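The structure appears below as structure tokens.
Worth saying up front: this structure is predicted, and the values here are computed from it rather than measured. Labels below follow one simple rule: chain letters A, B, ... track the order of the sequence lines, proteins then strands, and each chain is numbered from 1.
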Protein chains: 2
Amino acid sequence: MAVTIKDVAKAAGVSVASVSRALNGRDNVTDETRHRILDVATKLRYRPNDAARSLITKRTQTIGAVLPDLHGEFFSELIRGIDVAARAQGLHLLVSSSHGDVDEATAAIRAMQGRVDGLLVMSPHVDASFLHESLPEALPAVLMNAPQDHSRFPTLNLDNHGGAVAMTRHLLGRGHRRIAMIGGPAGNLDADERRRGWLDALGEASLARDALLLDGDFSEESGYAAGKRIVALAQRPDAVFAANDMMAVGCLIALVESGVRVPDDVALAGFDDVPIARYVTPQLTTVRVRIADLGRAAFNRLIAELESPGSLPARTEILPCEIVVRASSGDA
Amino acid sequence: MAVTIKDVAKAAGVSVASVSRALNGRDNVTDETRHRILDVATKLRYRPNDAARSLITKRTQTIGAVLPDLHGEFFSELIRGIDVAARAQGLHLLVSSSHGDVDEATAAIRAMQGRVDGLLVMSPHVDASFLHESLPEALPAVLMNAPQDHSRFPTLNLDNHGGAVAMTRHLLGRGHRRIAMIGGPAGNLDADERRRGWLDALGEASLARDALLLDGDFSEESGYAAGKRIVALAQRPDAVFAANDMMAVGCLIALVESGVRVPDDVALAGFDDVPIARYVTPQLTTVRVRIADLGRAAFNRLIAELESPGSLPARTEILPCEIVVRASSGDA
DNA sequence: CCGCATCATGTAAACGTTTACATCACATGA
DNA sequence: TCATGTGATGTAAACGTTTACATGATGCGG
């Protein structure tokens with residue numbers, strides 16, 4: 001029923017080959033015939049069948065994004081960044097998000113096989129190396145926030161460690177000595193790196209020995225719970241560094257509820273710089289991660305890989321973070 | 001290079017037809033041969049070629065989502081809702097977002113043709129009817145937040161009008177009489193409906209005559225600007241109803257900066273119930289829209305359409321909103 | 001034991017492209 | 001004038017499936 005290349009060929013009085021050539025901008029077609037063909041094609045509202053085209057070219061003009069169960073702003077920034085970049089290249093974007101664990105992500109990748117020309121994978125799971133192994137050999141892929149242990153794929157990571165070090169140093173610089181951390185979920189790479197950075201910076205100041213680490217899972221609730229625990233502590237920390245902003249916000253609410261003043265009694269810092277960080281009172285000191293940049297960089301890397309496969313070494317790139325000092329760490 | 005159905009057939013000692021039948025769960029295959037085929041297939045790591053399959057079946061197992069330039073939470077909630085629902089059905093999700101105007105959206109739809117079995121389209125543009133006309137006849141589609149003027153597609157809308165009426169009544173009930181609105185961008189359907197609801201509710205109270213409408217465009221900055229204008233007003237309103245939360249937040253910041261107390265001097269309300277609404281001080285009274293529900297409902301509608309085309313009438317459904325009273329409207 | 005229905009399996013066409021190769025017209029140079 | 005090169009166009013194979021139809025075996029009633 002739909003109009004095919006044959007219909008166009010017939011109507012234009014040429015062969016299908018010529019139509020194909022004209023439409024794909026090959027140079028071995030007379031300008032005159034090309035024009036005639038193009039005219040007919042638009043007149044007939046011809047649209048090439050993508051499936052047929054993919055079948056023979058083995059290209060889908062689509063890239064896939066496999067993402068973990070990210071929340072809110074992070075997620076939208078990332079997807080939007082990738083989407084815009086993809087559209088600029090005339091590529092489509094197939095997404096599969098909210099994968100809680102490596103198994104789900106692996107399944108998603110498997111399902112995308114054959115539907116995409118390349119893959120953008122974010123899997124902040126420490127056991128993600130297994131996932132990398134299960135990525136098909138032939139499919140170009142770029143990893144984000146992935147463990148960089150001998151992966152055969154280009155990888156882009158945030159400088160979680162560096163950011164955490166910088167923030168901890170900032171708090172030390174403000175004169176704080178007992179700097180507690182609310183950690184992220186177990187098995188999460190970002191959380192691990194941030195914790196490590198905090199510890200390292202404390203170590204520099206010879207304060208690592210009695211460092212206080214509270215459990216958290218990146219949720220606001222877990223931050224709130226941690227805040228309540230802090231309030232109940234015999235000896236309160238001077239400062240609390242939450243492994244992400246939402247936990248910092250939860251903690252802030254808990255502290256305020258209990259009459260603990262921020263930053264006067266306890267300084268507070270987060271990580272991510274989500275929009276909310278600027279709207280809480282006091283505004284939250286945090287580490288800014290340029291998530292849109294991450295998405296864009298990963299996409300560009302993938303494009304490079306698509307255009308000349310194997311040309312780039314599969315090295316790991318680290319995107320810097322910067323600390324953003326606001327009132328919650330005693331800005332004034 | 002990749003293993004095809006022929007390889008499986010050869011290895012299993014059967015014809016390609018039998019392999020196809022076995023893999024697709026047809027019943028006209030002996031259990032014994034089916035097992036053998038399945039065994040061979042997994043052993044060979046066979047994966048059907050989607051392009052070839054699509055070519056003949058005319059199905060892509062993919063649905064497309066065409067979205068406007070939504071921001072943050074809205075966007076992620078929606079995509080995530082659709083994604084989860086799609087994956088549950090074994091469908092893939094092709095997204096194309098951040099379309100500022102109808103032309104971009106139309107282009108996106110055109111590009112998706114042939115790649116998707118159905119379309120979810122959100123286009124809160126008042127001139128979207130043109131877009132509907134350009135949707136291909138054959139492609140099932142469900143519209144969200146669309147003008148419902150004789151569209152031939154099922155449409156799901158939020159009850160913007162009802163929500164605005166309810167909120168305005170709430171403010172009136174609190175004793176406010178001069179209730180200003182910060183409006184949304186021109187040509188935006190949601191903004192229009194919210195404004196209309198506000199005016200209607202004022203009309204009920206015979207207060208529509210000197211209603212004060214301030215310009216805005218849904219951005220925080222425009223809310224801030226409106227707030228500054230309000231501060232400068234000779235006769236300030238008792239209450240401000242912003243057409244969305246981000247403008248309400250911007251306005252709040254402007255008011256606080258100028259020493260205007262909320263809600264004591266001026267009550268404030270927003271629309272959307274984005275997460276930030278709960279974190280500002282005072283917490284923001286707003287209208288909750290269940291965006292995830294909208295996505296899910298639209299998706300289910302689309303699935304129904306896919307399974308039995310034309311069975312459902314293309315009627316418009318309105319999803320209710322509920323008002324959430326918090327401190328900014330004088331909760332205490 | 002024959003004719004017939006039933007049912008598993010095989011054969012081959014079809015889906016709509018791209019592209020290697022063949023063909024053909026024409027210009028060029030000797 | 002003829003061989004040869006060039007460049008546009010046509011022919012047909014190939015891509016990897018699904019499926020209508022053909023085939024052949026098997027079981028059954030008469």
To the nearest angstrom, how far is D7(A) atom CG from dG16(C) atom P? 9 Å
Counting only side-chain heavy atoms from C-beta out, which of dC15(C), dT17(D), dT17(C) sits nearest to I56(A)? dT17(C)
Distance in angstrom units between L23(B) CG and dT19(D) P, rounded: 13 Å
Please check this pair: side chain of T60(A) against backbone of T62(A), looking for a donor-acceptor N/O pair closer than 3.5 Å. yes
Within the structure shown, what part of the strands sits under 4.0 Å from R26(B) by heavy-atom distance: base, sugar-phosphate, or nothing? sugar-phosphate
Counting C-beta onward and ignoring hydrogens, is there a side-chain heavy-atom pair between R53(A) and R59(A) closer than 4.5 Å? no
Please report, rounded to the nearest Å, how far the C1' atom of dG16(D) is from the CG atom of L44(B). 15 Å
Grab the CG-P distance between N49(A) and dT17(C) for me, whole Å please. 5 Å
Are any side-chain N or O atoms of T33(B) and backbone N or O atoms of V29(B), one a donor and one an acceptor, separated by less than 3.5 Å? no
Helix axis bend for the helix from dC1(C)-dG30(D) to dA30(C)-dT1(D) - C1'-based end axes, five pairs, 10° rounding: 60°
Pairs of donor and acceptor atoms involving the side chains of residues 81-88 of chain B, under 3.5 Å and at least two apart or interchain, shall be tabulated with distances.
from   : atom 1 : to     : atom 2 : distance (Å)
D83(B) : OD2    : S97(A) : N      : 2.9
D83(B) : OD2    : S97(A) : OG     : 2.9
D83(B) : OD2    : R87(B) : NH1    : 3.1
R87(B) : NH1    : S96(A) : OG     : 3.4
R87(B) : NH1    : S97(A) : O      : 3.1
R87(B) : NH2    : S97(A) : O      : 3.2
R87(B) : NH2    : S98(A) : O      : 3.4

Any K58(B) side-chain N or O less than 4.0 Å from OP1/OP2 of dG16(C): yes
Send over the distance from Q61(B) CD to dT18(D) C1', rounded to a whole Å. 14 Å
Counting the atoms with a prime plus P, OP1 and OP2 as sugar-phosphate, which does N24(A) contact under 4.0 Å by heavy atoms, base, sugar-phosphate, or nothing? sugar-phosphate
Separation of Y46(A) atom OH from dG16(C) atom C1', in whole Å? 7 Å
Are the side chains of D117(A) and K58(A) in touch, meaning some heavy atoms are under 4.5 Å apart? no
To check you understand the geometry: which heavy-atom pair defines the closest contact between A298(A) and L156(A), and what is its length? N-CD2, 3.7 Å
Does K6(B) have a side-chain nitrogen or oxygen under 4.0 Å from the phosphate oxygens OP1 or OP2 of dT17(D)? no
Do the charged groups of K10(A) and D7(A) touch, with an N to O distance under 4.0 Å? no
Sort me out a list of protein N/O and nucleotides 7-10 of chain D N/O pairs below 3.5 Å, or just none if empty.
from    : atom 1 : to     : atom 2 : distance (Å)
dA8(D)  : O3'    : T30(A) : OG1    : 2.9
dT9(D)  : OP1    : T30(A) : OG1    : 3.1
dT9(D)  : OP2    : T30(A) : N      : 3.1
dT9(D)  : OP2    : T30(A) : OG1    : 2.9
dT9(D)  : OP2    : T33(A) : OG1    : 3.0
dG10(D) : OP2    : S15(A) : N      : 2.7
dG10(D) : OP2    : S15(A) : OG     : 3.1
dG10(D) : OP2    : S18(A) : OG     : 3.0
dG10(D) : N7     : R21(A) : NH2    : 2.8
dG10(D) : O6     : R21(A) : NH1    : 3.3

Spell out, as yes or no, whether a donor-acceptor pair under 3.5 Å connects the side chain of S54(B) to the backbone of D50(B). yes
Distance-minimising heavy-atom pair for L78(B) and I291(B): CD1-O, 3.7 Å
Choosing from dT18(C), dG16(C), dT17(D), which nucleotide comes nearest the side chain of T4(A)? dG16(C)
Under a 4.5 Å cut-off applied to non-hydrogen side-chain atoms, are F153(B) and E305(B) in contact? no
In whole angstroms, how far is the P atom of dT19(D) from the CD1 atom of I5(B)? 11 Å
Counting any heavy atom closer than 4.0 Å, what does R59(A) reach on the DNA or RNA strands: base, sugar-phosphate only, or nothing? nothing
Tell me what S20(B) touches on the nucleic acid: a base, only sugar-phosphate, or nothing, going by heavy atoms under 4.0 Å. base
